[in-house]
J.: 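Next up is a structure, given as structure tokens.
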Amino acid sequence: MNTITFMTRYKSYKQMQEHLSERHKQILEILNNNEMTTREIAEELYKRHYTNTADVNNARPRVTELESLGFLTTNKTKKCNITNKEVAVYRKTTDEERMIAENMNHIPQI
């Protein structure tokens, strides 16, 4: 990819960040160098006094939105200590992963 294409995509990504809600930004802050489940994110939101309960619904919808926008990704699971079920572990998407995902839309499917 040439430098101009990379720079224009990077600028678009940065502009998208400016339009995120406060909750989106809080979740991205929490996941800065961490991998967490939505329940763990909700608990951390509560610990940091961003929410008044540790209810998973304080995080789950925003995590889903951040994932569909390309800010978060998941590639592993772990057992939830409350439900005892396998759940997704989220982390911030790397710049490289984001570029690959964006370019996959331009590759014809055979």
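What you see below is based on every heavy atom in this structure, not just the backbone, and it leaves out hydrogens, waters and symmetry mates. Count residues from 1 along the sequence.
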J.: What's the shortest heavy-atom distance between Ala42 and Val56, and which atoms?
T.: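 Ala42 and Val56 have their closest heavy atoms at CB-CA, 3.7 Å.
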J.: As an exercise, state the distance from OG1 of Thr38 to CG of Leu72, rounded to the nearest 0.5 Å.
T.: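 Rounded to the nearest 0.5 Å, the OG1-CG separation comes to 11.0 Å.
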J.: CG of Leu66 to CZ of Arg23: how many Å apart, nearest 0.5 Å?
T.: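 Separation between the atoms: 11.5 Å.
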J.: Compare every heavy atom of Asn75 with every heavy atom of Arg91, then report the nearest pair and how far apart it is.
T.: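 Heavy-atom minimum between the residues: NH2-ND2, 3.3 Å.
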J.: List the residues meeting salt bridge (Lys or Arg N to Asp or Glu O under 4.0 Å) with Arg39, not counting sequence neighbours, and say none if there are none.
T.: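 Arg39 satisfies salt bridge (Lys or Arg N to Asp or Glu O under 4.0 Å) with no other residue.
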J.: Classify the side-chain pair Glu29/Tyr50 by whether it contains a donor and acceptor separated by less than 3.5 Å.
T.: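 Tyr50 and Glu29 do have a side-chain donor-acceptor pair below 3.5 Å.
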J.: Could you walk me through whether Glu67 and Thr73 satisfy the side chain to side chain contact (heavy atoms under 4.5 Å, CB included) test, starting with their C-alpha distance in whole Å, then the side-chain angles of each, then the deciding distance to 0.1 Å, before giving a yes or no?
T.: CA-CA 6 Å; Glu67 184 179 24; Thr73 192; 5.6 Å; no
J.: Grab the two heavy atoms, one from Leu31 and one from Tyr90, that are nearest each other, plus how far apart they are.
T.: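 It is CD2-O, 3.7 Å.
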J.: For Thr77, check side-chain hydrogen bond (donor to acceptor under 3.5 Å, both in side chains) against everything at least two apart and list the hits.
T.: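 Applying side-chain hydrogen bond (donor to acceptor under 3.5 Å, both in side chains) to Thr77 gives Glu86.
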J.: State, to 0.1 Å, how close Asn58 and Leu45 come at their nearest heavy-atom pair, and which atoms those are.
T.: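 Residues Asn58 and Leu45, closest heavy atoms: O-CD1, 4.0 Å.
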J.: Is Gln26 close to Arg62 at the side-chain level, that is, under 4.5 Å between some pair of heavy atoms?
T.: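 Of all side-chain heavy-atom pairs linking Gln26 with Arg62, none is under 4.5 Å.
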J.: Does the side chain of Glu65 come within less than 4.5 Å of His24's, by heavy atoms?
T.: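 Yes, their side chains come closer than 4.5 Å.
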J.: Can you check whether Leu20 reaches Leu28 side chain to side chain, under 4.5 Å on heavy atoms?
T.: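 The answer is yes, as the side chains (C-beta and beyond) meet within the 4.5 Å cut-off.
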J.: Do any pairs count as a salt bridge (Lys or Arg N to Asp or Glu O under 4.0 Å) and have a residue in residues 49-60, sequence neighbours left out, and if so which ones?
T.: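 Qualifying pairs, neighbours excluded: none.
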J.: Measure the spacing between CZ of Phe71 and OG1 of Thr93 and express it to the nearest 0.5 Å.
T.: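 Atom-to-atom, Phe71:CZ and Thr93:OG1 are 9.0 Å apart.
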J.: Between CG of Asn81 and NZ of Lys78, what distance do you get to the nearest 0.5 Å?
T.: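 Here the interatomic distance stands at 7.5 Å.
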J.: Which heavy-atom pair separates Glu40 from Thr37 by the least distance, and what is that distance?
T.: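 Looks like OE1-N, 2.9 Å.
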